[in-house]
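Throughout, protein chains are lettered first and strands after them, A, B, ... in sequence-line order, and every chain is numbered starting at 1. Computed over heavy atoms, backbone and side chain alike; hydrogens, waters and symmetry mates excluded.
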Amino acid sequence: MSKFWKPGTERPRSSLIDDEEGGVLFVSASASSSGFGYSTLERQRQRLPVFKYRTAILYLVENHATTIIVGETGSGKTTQIPQFLKEAGWAEGGRNIACTQPRRLAVQSVSARVAEEMGVKLGEEVGYTIRFEDVTNSGVTMIKFLTDGVLLREMMDDPLLTKYSVIMVDEAHERSISTDILLGLLKKIQRRRPELRLIISSATIEARSMSNFFHDRKRNQGDAANDSAPSTVPAILSVEEPVGDILVFLTGQDDIDAAVQLINENALDHRSHSSGLLVLPLYSGLSRSDQDLIFAPTPKGKRKVVISTNIAETSLTLDGVVYVVDSGFSKQRFYNPITDIENLVVAPISKASARQRAGRAGRVRPGKCFRLYTEEYFMKEMSAEAIPEMQRSNLVGSVIQLKSLGIDNILGFDWPASPPPESMVRALEVLYSLGVLDEDAKLTSPTGFQVAEIPLDPMISKMILSANTYECTEEIITIAAVLSMQSIWVSARGVQKEFDEAKLRFAAAEGDHVTYLNVYKGFIQSGKSSQWCYKNYINYHAMKKVVDIREQLSKLLKRFGMSLKSCERDTQKLRKAIVAGFFANSCHLEAYSQNGMYKTIRHSQEVFIHPSSVLFRVNPKWVIYHSLVSTDKHYMRNVMAIDPDWLTEAAPHFYQRKRPNLSAPF
DNA sequence: GAGCACTGC
């Protein structure tokens, strides 16, 4: 354990200050690979705390900070930082900590746990805001969970908020939505209290300082190539230094598999030193056991080469990496509010990303980064930061988040990066049609408040609440849990036939949602067996998480006064509940369509059933989908067949207005 | 006939 300054003793000096710009002081802190916040993956795999946040906080202690505002999500920081501050001797003198937690559900559960961990009794509970008032006997006079407008205003006027305040923002995910929300809130404070000096710490800044190390090193020359896999291979093979693993950043599964193959072929053809390479792919679609290969120690005389997506940029840390090869590209999501479609495209990364990637090298010894683009491109053309997520996402979730923070004037909110007004309007439209917002754009009661409290996509939340009416909550919370996963299937390239056959054992004529119910039933009947999952090409870890999320949802429903009911075999009930949430995502098969083309009802967009769906090639006339993914085509993922009458039944306000002849035969 | 990554405990 490090030594920390106690008030009244001589203060240690810190060398943490990286940069000073315009009165904003940056303190280095990283949550993703170190510090208190582990990423989920990291946390599962290695339980080794590194104390980046501790050092940052040491700096604050040193500078007589009086207030710390900790952003932005995650329970790690909000629970452990207050605890840590106590340890650090920061407790004396009536200082103030506020932890922001945009999601109310999290706030409540976290708060209860904090109370337990700190051995204190809960203070008064106002809504879902919990306040401790000098209950710790440790001198930390207040810990506020800054979750709604009332507390935000209190915070602004708090006399304890003097001179320094420290905002720790986890920017590992460059300009994420929650970061933007937090910064927007902070701007409000700053305007009200201009004398305050705000200190922002961020992981991106850490990347910047690390990249200084590489700054004057020679970079590989070469154009930014579209086809990154082939051009990457020579770079990997040209790494001549004898020791140290290599981490390569490419864009996606296809590129990665191609590169792995090319390197292995090269090894066979030329008996070059590449035969000493142990080449491993890494992307989230891989099974856990395949992913874990990258953590296995490199065999003697071999050099590990991990070819990865962005997953290794922030969420996974490989200790032995000494060389990084950066293609300069990643897959990024862009949302078009006019068409309401999210596109997944290969795009150039930002400088901040490039630095973060470079920073993955040399964690254990000095390293090198090979960038597959020119220094001139880096200096002159590469954008400093990625386009904020706020500006390229569907905002339905964020709008409801703000509403639940007590911020009613969404359009007037002071975003650091204002999203396109069209996105706002779309989001408000959807929330209104779901019955979450009323005509004055206020949360409805109880639906709006309940939806805001469920930490899932509002459409899923609405589906869950509707299941109460249709008496099928047992089934719906299972479906909701599965839908909030990436996928419950394992990636099965090469064993496609076996995989398809396995899937057929669960396939339901109604579509993917009911199929998931069958999988869940099978999993439970097997006694939650990992063997059973392996045999059926199902991701065991995903299923365990489904069970976990399902459990949380069931607790939540109980709090709403709803009991779990099963519709047994009556799938029509649960399909109607699903439609009650997803009516806006309806499509019909184009008459005479030969290739399975659908059109969305809302925008007449051409869409197709994703090949991973059990309804692929089945093509029912009317379907609703959970999400669209757009690569070369617009694909619907998680598709269910419906009766079009259910649409008008679930959302007469939505469909009568737009399409009076909805039920017309096709 | 196809799947960048993250967050909620």
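OP1 or OP2 of dG3(B) has not a single side-chain nitrogen or oxygen of Ser612(A) nearer than 4.0 Å. Under 4.0 angstrom from either OP1 or OP2 of dA5(B) there lies no side-chain N or O belonging to Ser330(A). For the OP1/OP2 pair of dA5(B) and a distance below 4.0 Å, the side-chain nitrogens and oxygens of Thr309(A) include at least one atom meeting the criterion. Close to dA2(B), at under 4.0 Å from its OP1 or OP2, lies a side-chain N or O of Tyr635(A).
Annotation: of the two residues near DNA chain B, Gly285(A) and Phe616(A), the 5′-most nearest-nucleotide partner is Phe616(A). Each of Gln332(A) and Asp457(A) was assigned the nucleotide of DNA chain B with the nearest heavy atom; the assignment lying further toward the 5' end belongs to Gln332(A).
Counting non-hydrogen atoms under 4.0 angstrom, Arg617(A) reaches a base of the nucleic acid. Note on Gln496(A): a base of the nucleic acid sits closer than 4.0 angstrom, heavy atoms only. No engagement by Ser487(A) is indicated, since no non-hydrogen atom pair under 4.0 Å with the nucleic acid exists.
Side-chain atoms of Gln605(A) and Thr339(A) include no donor-acceptor pair closer than 3.5 Å.
Counting to the nearest Å, the C1' atom of dG3(B) and the CG atom of Leu344(A) are 9 Å from each other. Whole-Å rounding puts the Asn539(A) CG to dG3(B) P distance at 19 Å. Spacing between atom CG of Asn343(A) and atom P of dG3(B) amounts to 12 Å, rounded to whole angstrom units. Rounded to a whole Å, the CD atom of Gln486(A) is 9 Å from the C1' atom of dG3(B). Following rounding to the nearest Å, Glu501(A) (CD) and dG1(B) (P) show an atom-to-atom distance of 19 Å. Between Ile400(A) atom CD1 and dT7(B) atom C1' the separation is 16 Å, expressed in whole Å. Rounded to an integer number of Å, the gap from CG of Asp632(A) to C1' of dG3(B) is 12 Å. In this entry the distance linking CD of Gln552(A) with P of dC9(B) reads 7 Å, nearest Å.
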Working note: Arg355(A) + Glu313(A), criterion salt bridge (charged side-chain N to carboxylate O under 4.0 Å, His left out); need CA distance, chi angles, decisive distance, verdict. CA-CA 10 Å; Arg355(A) 288 176 175 129; Glu313(A) 188 175 304; over 6 Å; no
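Between His513(A) and the options Thr478(A), Leu483(A), Ile476(A), Val614(A), a side chain to side chain contact (heavy atoms under 4.5 Å, CB included) holds for only Leu483(A).
Nearest nucleotide to the side chain of Asp548(A), out of dC9(B), dC4(B), dA2(B): dC9(B). Distances from the side chain of Ser284(A) to the nucleotides dG3(B), dC9(B), dC6(B) place dC6(B) closest.
Two residues are said to be in side-chain contact when any heavy atoms from C-beta on lie closer than 4.5 Å; Val546(A) and Tyr516(A) fail this criterion.
Residue Asp500(A) places a side-chain atom within donor-acceptor reach of the base of dG1(B), judged by atom type and a 3.5 Å distance cut-off alone.
Note on ring orientation: taking the six-membered ring where Trp is involved, the planes of Phe506(A) and Trp489(A) are tilted (angle from 30° to 60°).
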